[in-house]
Enquirer: 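If you scroll down you'll find the structure; I have some questions about it.
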Amino acid sequence: MRALPILALALLTAGCEWVNPMMQQPKVKPYRKSVFYPDQIAMRAPPAGTLPAAAPAELATVTGRNADGTPLARIPVPLTPELLELGRKRYDVFCAVCHGVIGDGQGPVARNMSVRPPPSLVAIPQRPDGFFYTAITEGYGYMPSYRPWLGDEERWAVVAYVRALQLSQGTRIEQAPPDVRARLEKENR
Ligand code: HEC
């Protein structure tokens, strides 16, 4: 008699497969191959330049531009130590090879590039935050867009870290908070 409920259960679950049209219709499964697209990749990326349907403020966070097209003056996401740490990691992976580990434009690629060497990023602190963000997002002259590799938050994180690099090299010791100043003075004595 114990077989009966099991049999009933088997029939019931099997029944779902038979009757559920959602299970039966043609579809793609994540990470599966597709014969439909020439590149045979089932999971599609949105076409280049696709933007989310969002409110203007949200859109500015994604594009780095105000409604009139000018770059945002300030980073629109909360500045946290975590964001800076994320920015350091991404910068070291994606930017340092050209713009240098400290942003001075002295990366290994720069030393071997004859066309237009990657410029120093610490030499342009007067540019708005959105300038750095749009350069990463859209590409800049010879430099490609890094949007396919870096998410919106990651790109703002990189901008925050570039700001930290600028401060680390263009700040006088008198401007540092007292505790930091005391430590630096002790270290350099
Ligand atoms: C393959 C080398 C390379 C990499 C990697 C690279 N860049 Fe660049 N970047 C360049 C070059 C070359 C230029 C100048 C392009 C031109 O003027 O045509 C440039 C220009 C820029 C500018 C404009 C600077 C100015 O003075 O006008 C910014 C900002 C910038 N890059 C930021 C970044 C950031 C941030 C990253 C990492 C996400 C990055 N770049 C990765 C090569 C690179």
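Counting begins at 1 with the first residue of the sequence. Order of appearance sets the numbers: ligands from 1, and atoms from 1 within every ligand.
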Enquirer: What do we get for R127 next to ligand 1 when only non-hydrogen atoms under 4.0 Å count, side chain, backbone, both or neither?
Expert: neither
Enquirer: Do ligand 1 and S120 have nitrogen or oxygen atoms that lie under 3.5 Å from each other?
Expert: no
Enquirer: What atoms of ligand 1 come closer than 4.0 angstrom to any heavy atom of M113?
Expert: 12 (C)
Enquirer: Between T61 and P76 (side chain of the first, backbone of the second, donor and acceptor by atom type, cut-off under 3.5 Å), is there such a pair?
Expert: no
Enquirer: Tell me, which protein residue and heavy-atom name are nearest atom 16 (C) of ligand 1, and how many Å apart are they?
Expert: R116 NE, 3.5 Å
Enquirer: Would you say Y146 has any N or O atom under 3.5 Å from an N or O of ligand 1, going by distance alone?
Expert: no
Enquirer: Hey, is R155 one of the residues with a heavy atom under 4.0 angstrom from ligand 1?
Expert: no
Enquirer: Keeping D104 on the side-chain end and G100 on the backbone end, is there a donor-acceptor pair under 3.5 Å?
Expert: no
Enquirer: Within the 4.0 Å heavy-atom shell around F132, which atoms of ligand 1 are there?
Expert: 29 (C)
Enquirer: Is the number of heavy atoms from other residues, nucleotides or ligands within 6.0 Å of CZ (R181) greater than 12?
Expert: yes
Enquirer: Only heavy atoms of V158, strictly under 4.0 Å: list the atoms of ligand 1 that pass.
Expert: 35 (C)
Enquirer: Find all atoms of ligand 1 within a distance of less than 4.0 Å from any non-hydrogen atom belonging to F94, and give their numbers and elements.
Expert: 5 (C), 37 (C), 41 (C)
Enquirer: Just jot down the side chain to side chain contact (heavy atoms under 4.5 Å, CB included) partners of R116, sequence neighbours excluded, or say none.
Expert: P119, Y142
Enquirer: Can you check whether V62's main-chain N or O pairs, donor with acceptor, with Y133's side chain at less than 3.5 Å?
Expert: yes
Enquirer: For L86, give me all partners under side chain to side chain contact (heavy atoms under 4.5 Å, CB included), at least two apart in sequence or on another chain.
Expert: R90, E154, A157
Enquirer: Examine M143 and Y161 and state if one hydrophobic cluster contains both, with Ile, Leu, Val, Met, Phe, Trp and Tyr joined whenever side-chain heavy atoms are less than 4.5 Å apart.
Expert: yes
Enquirer: Give the residue, atom name and distance (to 0.1 Å) of the protein heavy atom nearest atom 18 (O) of ligand 1.
Expert: Y142 N, 2.9 Å
Enquirer: In the protein, which heavy atom is nearest to atom 26 (O) of ligand 1, and how far is it?
Expert: I124 CD1, 3.6 Å
Enquirer: How far apart are the closest heavy atoms of P128 and R163, and which atoms are they?
Expert: C-NH2, 3.4 Å
Enquirer: Could you list the cluster mates of M113? Members are the ILVMFWY residues connected by side-chain heavy atoms closer than 4.5 Å, either directly or through other members.
Expert: V97, V109
Enquirer: Whether R127 engages the ring of F131 as a cation-pi pair (distance to the six-membered ring centre under 6.0 angstrom, angle to the ring normal within 45°) should be assessed.
Expert: yes
Enquirer: Within a radius of less than 6.0 Å around CZ of R44, do more than 12 heavy atoms belonging to other residues, nucleotides or ligands occur?
Expert: yes
Enquirer: Pull up every protein N/O/S atom sitting under 2.8 Å from atom 8 (Fe) of ligand 1, skipping waters.
Expert: H99 NE2, M143 SD
Enquirer: Quick check: is I136 connected to L79 through a chain of hydrophobic side chains (ILVMFWY, heavy atoms under 4.5 Å apart)?
Expert: yes
Enquirer: Heavy-atom contact check, 4.0 Å cutoff: does F131 meet ligand 1?
Expert: yes
